[in-house]
There are 2 protein chains.
Amino acid sequence: MARTGEPDTTDYMATAGCFCMTSREAARKITRLYDSRMQESGVRITQFTILSQLMLRGEMPIGKLAGLLGMERTTLTRNLAPLEEQKWITVRSGDDPRARLIAITAPGRAAVRRAFPYWSSAQAQVGKLLGSEGQAALKLLGSRNLG
Amino acid sequence: MARTGEPDTTDYMATAGCFCMTSREAARKITRLYDSRMQESGVRITQFTILSQLMLRGEMPIGKLAGLLGMERTTLTRNLAPLEEQKWITVRSGDDPRARLIAITAPGRAAVRRAFPYWSSAQAQVGKLLGSEGQAALKLLGSRNLG
DNA sequence: CCACGATAGGTGTATCTACACTTATTTCAT
DNA sequence: ATGAAATAAGTGTAGATACACCTATCGTGG
């Protein structure tokens, strides 16, 4: 650490290339585009993501779903609350009473079905903005093991 | 819309390739890595991002800073509150009394200076996990105009 | 001068995110 | 059998995100 009076020669310019800033900015912008297109559907993209995963993969415990989404388990717990409120999912205990098994309901499937065209439109719009190179870049990013 | 009884032939499998899901998952994971490394510094990566931008670009109104960060203005307003609480930034009115000019303070600069080595460590860690291809992909993503 | 559109920003509400900590239960070694 | 380690999840707290709506001020055409 520099003592008082010593000049700070640190290259703070490097912070302009922060990977976290870039990834978060992209995620914010993309999320806004999806939510804007999907607004009429009544399903947010974050909720659509959870529901569609449950639809594709079936019932599973919270921890497993959180791992699948690269999300903290406690975050997912909170995100599930509005979905349960809407009756789009059910939460039940299985053989192991510790585990909480999450499943999509019929109304949940209906919500996905209803929101799908809006999602598809947003996906197409963002796909066009990204271009084939941007799409490939994002796909590569998703394939990286980041913990 | 399919009427009751008609089979739903929609390819929900496509949702597994959602650009929004991928970008958000990457941002979450990357953010956790940075915050984990920077925890001892007492500065969160989201706060570090705002402070370093102010440090590099100088005083500016909220709207301009929000645009720079690809963030909703109202989001930034909320994010500035903890920074002002810490006395890391100042908020003042300029010639136009509508505008609120944000500037980093001496303690704010000190916080950036103190957090920089931790940020640098996180940047290196994530850079390694991304690999040169991942870094290039993220950079390309950041260069895309997503609104 | 003044009405009005444009600009800058705050607030209410709701959701998303995650760390630290805690509770409950299972599993396993002895 | 039993106690410790491992596993699964909820809660307190705090911050990040953004839409809808609101207020205040600026600039400009008439």
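Per chain, numbering begins at 1; letters A, B, ... match sequence-line order.
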When the distance from CE of A:Met71 to P of D:dA9 is rounded to whole Å, what number comes out? 15 Å
Over how many whole Å does the gap from B:Asn79 atom CG to C:dG10 atom P extend? 13 Å
A:Gln86 CD to C:dA14 P: how many Å, rounded? 13 Å
Whole-Å distance separating the CZ atom of A:Arg100 from the P atom of C:dA24: 14 Å
Nearest-Å distance for atom pair CG/C1', residues A:Leu76 and C:dT17: 11 Å
Check: A:Tyr34/A:Gln123 side-chain N/O donor and acceptor closer than 3.5 Å: yes
Can you tell me if B:Gln39 touches the phosphate of C:dA18, counting only side-chain N or O atoms and a distance under 4.0 Å to OP1 or OP2? no
Is the shortest side-chain heavy-atom distance between A:Arg100 and A:Pro61 below 4.5 Å? no
When you get a sec, tell me which of D:dT13, C:dA20, C:dG10 is the closest nucleotide to the side chain of B:Thr77? C:dG10
Whether A:Arg32 contacts D:dA18 is assessed here as follows: a side-chain N or O lying under 4.0 Å from the phosphate OP1 or OP2. Is that the case? yes
Pick out which of B:Phe116, B:Trp119, B:Phe48 makes a ring-ring contact (aromatic ring centres under 6.0 Å, His included) with A:Tyr12. B:Phe116
Between A:Asp95 and B:Arg73, the residue closer to the 5' end of DNA chain C by nearest nucleotide is B:Arg73
Examine C:dC16: is either OP1 or OP2 under 4.0 Å from a nitrogen or oxygen in the side chain of A:Thr46? Give yes or no. yes
Taking the minimum atom-to-atom distance to the side chain of B:Arg28, which one of C:dT15, C:dA18, C:dA8 wins? C:dA18
Is A:Arg92 paired with A:Glu59 through a side-chain N to carboxylate O contact shorter than 4.0 Å? yes
In terms of the nearest nucleotide of DNA chain D, which residue is placed more toward the 5' end: B:Asp96 or B:Leu80? B:Leu80
Is the shortest side-chain N/O distance from A:Arg24 to OP1 or OP2 of D:dT17 below 4.0 Å? yes
What I want to check is whether an N or O donor and acceptor connect the side chain of B:Arg78 with the base of C:dT13 at under 3.5 Å. yes
Heavy-atom distance under 4.5 Å between the side chains of A:Thr49 and B:Cys20, does that happen here? no
Rounded to whole Å, please give me the gap between CZ in B:Arg98 and P in C:dA6. 13 Å
Can you see if the side chain of B:Thr75 gets near the phosphate of D:dA18 - specifically, an N or O under 4.0 Å from OP1 or OP2? yes
Nearest-neighbour nucleotide for the A:Glu72 side chain, C:dG9, D:dA20, C:dC19 considered: C:dC19
Rounded off to whole Å, could you give me the OH-to-P distance for the A:Tyr34 and C:dT15 pair? 22 Å
Starting at CG of A:Leu101 and ending at P of D:dA9, how long is that distance when rounded to a whole Å? 8 Å
